[in-house]
Amino acid sequence: NKIELYKADISKREEAQNLINFTINKFSSIDILINNAGIAIDTLYQDKSVENFRKTLDINLIGTFLMSKYVGDIMYENKKGSIINLTSTNGLHQYFPMSLDYDSSKAGIISLTHNLAVQYAPHIRVNAVAPGWVATENEMKELDKEYIELEEQNIFIRRFADPLEVAKVIYFLASDDASYINNEVITVDGGTRHA
């Protein structure tokens with residue numbers, strides 16, 4: 001398997017297009033798009049700034065829209081493809097005022113997913129994956145032990161997800177085994193008690 005790396009700010013139209021052009025030139029087509037770029041700028045509600053709110057929406061939501069639009073049009077012309085958007089349980093039913101800009105962007109991605117599934121029918125499957133807490137290296141560094149233990153009590157499996165457990169769901173959705181799954185938001189949260 002061949003891997004190529006390309007650095008781009010997908011919230012900027014020209015950079016998103018350049019990334020797609022680079023990929024097409026290298027591989028001649030795009031069969032699967034996984035929209036996984038995202039940021040979170042958690043602050044107290046009183047300290048939220050318009051600039052940071054906009055930056056979060058630009059990368060998380062606008063970036064997902066741009067990549068989906070440009071790649072989706074190519075896929076539609078080829079009459080095949082799968083788009084998988086990474087959202088979050090924060091966009092569904094977990095509410096954290098410190099993360100309301102992030103939460104809003106993830107709720108927007110869910111709406112975008114449903115609309116893209118309609119737009120690109122019948123040739124492209126568009127789905128989303130909504131993880132809950134995931135034990136990434138950054139997450140485990142940023143959260144204190146007591147908070148992690150408290151959150152784990154709300155998860156029926158009593159632990160955060162391993163990143164590979166989320167990746168396997170994405171891999172399944174990208175595969176032909178999921179050929180009849182479309183317009184879905186699949187929650188990967190270990191069974192979580194909602195506030």
Side-chain angles (χ1 to χ4, degrees), residues 6 8-13 15-24 27-40 54 56-95 99-134 161 163-192 194:
Y6 187 96
D9 180 346
I10 60 162
S11 69
K12 295 183 170 65
R13 182 172 51 194
E15 290 195 37
Q17 287 176 317
N18 288 342
L19 167 59
I20 293 159
N21 291 339
F22 170 84
T23 306
I24 293 292
F27 300 101
S28 72
S29 70
I30 301 175
D31 302 314
I32 300 160
L33 171 64
I34 301 167
N35 284 307
N36 189 38
I39 62 165
R54 185 172 285 120
T56 302
L57 289 179
D58 279 348
I59 292 172
N60 296 5
L61 183 55
I62 301 299
T64 297
F65 162 71
L66 287 173
M67 292 300 294
S68 298
K69 178 172 173 53
Y70 298 137
V71 173
D73 289 348
I74 294 166
M75 289 177 170
Y76 196 81
E77 195 173 309
N78 294 333
K79 297 189 175 179
K80 66 174 185 173
S82 173
I83 296 174
I84 301 157
N85 297 324
L86 266 291
T87 181
S88 169
T89 53
N90 285 41
L92 285 167
H93 44 59
Q94 297 291 97
Y95 311 118
S99 307
L100 72 91
D101 38 4
Y102 174 83
D103 297 0
S104 299
S105 72
K106 293 302 184 177
I109 288 172
I110 291 168
S111 177
L112 183 65
T113 298
H114 296 314
N115 280 286
L116 290 173
V118 172
Q119 176 65 33
Y120 288 127
H123 304 306
I124 303 171
R125 294 184 298 109
V126 187
N127 293 291
V129 176
W133 286 111
V134 181
L164 190 58
E165 291 175 304
V166 179
K168 285 178 178 179
V169 175
I170 297 166
Y171 180 82
F172 167 69
L173 285 174
S175 75
D176 289 339
D177 290 338
S179 60
Y180 203 63
I181 298 177
N182 193 21
N183 192 35
E184 292 297 330
V185 178
I186 298 180
T187 302
V188 186
D189 68 354
T192 299
H194 307 146

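FYI, the numbering just counts along the sequence from 1.
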S111 side chain to G108 main-chain N or O, any donor-acceptor pair under 3.5 Å?
-> no

In this structure, CG of L116 is separated from CG of N85 (nearest 0.5 Å) by 6.5 Å

Expected output: side-chain T187 to main-chain D189 donor-acceptor under 3.5 Å | no

Donor + acceptor pair across side chains of T113, N183 (<3.5 Å) | no

Between N90 and Y95: side-chain donor-acceptor atoms closer than 3.5 Å = no

Within a strict 4.5 Å, meaning less than it, do heavy atoms of the T23 and Y6 side chains meet?
-> no

Grab the two heavy atoms, one from L66 and one from I10, that are nearest each other, plus how far apart they are.
-> CD1-O, 3.4 Å

Atom CD1 of I186 and atom OG1 of T87: how far apart are they, to the nearest 0.5 Å?
-> 12.5 Å

Exceeds 12 heavy-atom contacts within 6.0 angstrom, atom OH of Y171 = no

Hey, does D73 have a side-chain heavy atom less than 4.5 Å from the side chain of Y120?
-> yes

Here the pair of heavy atoms bringing S88 nearest to K106 is CB-CG, 3.8 Å

Between the side chains of D58 and S11, does any donor sit under 3.5 Å from an acceptor?
-> no

Heavy atoms only: give me the nearest N60-I39 pair and the separation to one decimal.
-> OD1-N, 2.8 Å

Do N127 side-chain atoms and E184 backbone N/O form a donor-acceptor pair below 3.5 Å?
-> yes

Is the shortest heavy-atom distance from the side chain of K80 to the side chain of I124 under 4.5 Å?
-> no

Could you walk me through whether K12 and D9 pass the salt bridge (charged side-chain N to carboxylate O under 4.0 Å, His left out) test, one step at a time?
-> CA-CA 6 Å; K12 295 183 170 65; D9 180 346; 2.8 Å; yes

Give the intermediate values and the outcome of side-chain contact (heavy atoms from CB on, under 4.5 Å) for residues L173 and I181.
-> CA-CA 8 Å; L173 285 174; I181 298 177; 3.9 Å; yes

Any idea which heavy atoms bring Q119 and Y76 closest together, and the distance?
-> O-CE1, 4.5 Å

Non-hydrogen atoms of V166 and A161 that approach each other most closely | CG2-CB, 4.3 Å

Does L164 reach the side chain of K168, with side-chain heavy atoms less than 4.5 Å apart?
-> yes

Look up atom CZ in R54 and atom CD1 in I59, then write down how far apart they are to the nearest 0.5 Å.
-> 13.5 Å

